[in-house]
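Heads up: the structure comes next, in C-alpha cells.
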Amino acid sequence: MKSEPDAFSIDDLASQPDQTTHWEGVRNYQARNYMRDEMKIGDGVLFYHSNAKPLAVAGTARVVSESYPDPSQFDPDSDYFDEKATEKNPRWQLVDVKLVKKFDKPVLRDAIKNEPELADMLLIKKGSRLSIQPVTAAEWNKIHEMAGVDPE
DNA sequence: GCCAACGTTGGC
DNA sequence: GCCAACGTTGGC
C-alpha cells in the first residue's frame with residue numbers, strides 16, 4: 001500500500017490509537033477492488049512511501065478488518081467526498097490496517113530496482129501507479145531479507 | 001518542475 | 001460504445 005508521507009507516513013500510523021488506521025481516500029476502482037475482494041484479515045502489507053525522499057518500503061502492517069464502506073465518501077467536508085455515493089449504495093470500500101513494524105532501514109526503491117529477484121515487482125514497473133498492489137510471497141520474503149527483518 | 005502513463009468524464 | 005479532453009499520479 002502506497003502513501004505519501006506528507007499526507008500519512010508510517011510514523012503517523014505508529015502514532016494512531018492502537019497503531020491502526022482506516023485506509024481512507026482510495027478513489028481508484030482497481031485499488032478498491034483489491035481491498036474489497038482480495039485483502040483478508042491477517043494479510044501482510046508493505047507500507048510504501050511514494051512521492052517522498054527517500055522512496056522506500058518503510059515497514060509493514062497487517063489487515064485487521066474486513067472491507068467496509070469508506071465513511072469519508074459521505075462527508076461533504078472531506079477531500080474524499082463523493083456526491084454520487086450514498087449510504088445505501090456506497091462506492092468506496094476500505095480496510096483497517098495496523099502497524100506491524102517500521103523498518104530500521106527502509107528498503108529503498110533504488111535497491112529494489114537493483115535486485116534481480118524483484119525485477120517483476122509491480123511497484124517498479126513503468127507506469128504502475130496503482131496505490132494498492134498485490135505482492136507475491138517471494139517478494140514479501142525478499143523485502144524482509146533486505147530489511148534485515150524476519151518475515152512473520 | 002516536467003511529463004509519461006493512466007483513469008475518468010462527457011459529448012456524440 | 002467510442003474517444004478526445006482533461007485530471008491525477010508519481011518517478012525523475
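The sequence lines fix the lettering, A, B, ..., with proteins before strands; numbering per chain opens at 1.
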Please tell me if A:Lys53 has a side-chain N or O lying less than 4.0 Å from either OP1 or OP2 of C:dC12. no
Can you check the A:Met121 CE to C:dG11 P distance for me, whole Å? 13 Å
Interatomic distance where CG belongs to A:Asn51 and C1' belongs to B:dG1 [whole Å]: 13 Å
Run the salt-bridge test on A:Lys142 and A:Glu139 with the 4.0 Å N-O cut-off and return the result as yes or no. no
salt_bridge(A:Arg27, A:Asp70) N-O dist < 4.0 Å: yes
Polar atom pairs between nucleotides 5-9 of chain B and protein, under 3.5 Å, N or O only, would you list them?
residue : atom : partner  : partner atom : Å
B:dA5   : OP1  : A:Lys126 : NZ           : 3.0
B:dA5   : N3   : A:Arg129 : NH1          : 3.1
B:dC6   : O2   : A:Arg129 : NH1          : 2.9
B:dC6   : O2   : A:Arg129 : NH2          : 2.7
B:dG7   : O4'  : A:Arg129 : NH2          : 3.4

Between A:Tyr29 and A:Trp92, does a ring-ring contact (aromatic ring centres under 6.0 Å, His included) hold up when you go through it step by step? CA-CA 8 Å; A:Tyr29 289 105; A:Trp92 306 109; 4.7 Å; yes
Test your reading of the model: is there a side-chain donor-acceptor pair from A:Asn33 to the backbone of A:Gln30, 3.5 Å cut-off? no
OP1 or OP2 of C:dC12 versus the side-chain N and O atoms of A:Arg109: is any pair under 4.0 Å? yes
Whole angstroms only, please: what is the CD1-C1' distance between A:Ile124 and C:dG11? 13 Å
Parallel, tilted or perpendicular: ring planes of A:Phe8 versus A:Phe47, cut at 30 and 60 degrees: tilted
To the nearest Å, give me how far apart CD1 (A:Ile112) and C1' (C:dC12) are. 16 Å
Count the heavy atoms belonging to other residues, nucleotides or ligands that lie under 6.0 Å from CG of A:Asp37, then report whether that count exceeds 12. yes
Classify A:Lys125 by what it touches in the nucleic acid, base, sugar-phosphate, or nothing, heavy-atom distance under 4.0 Å. nothing
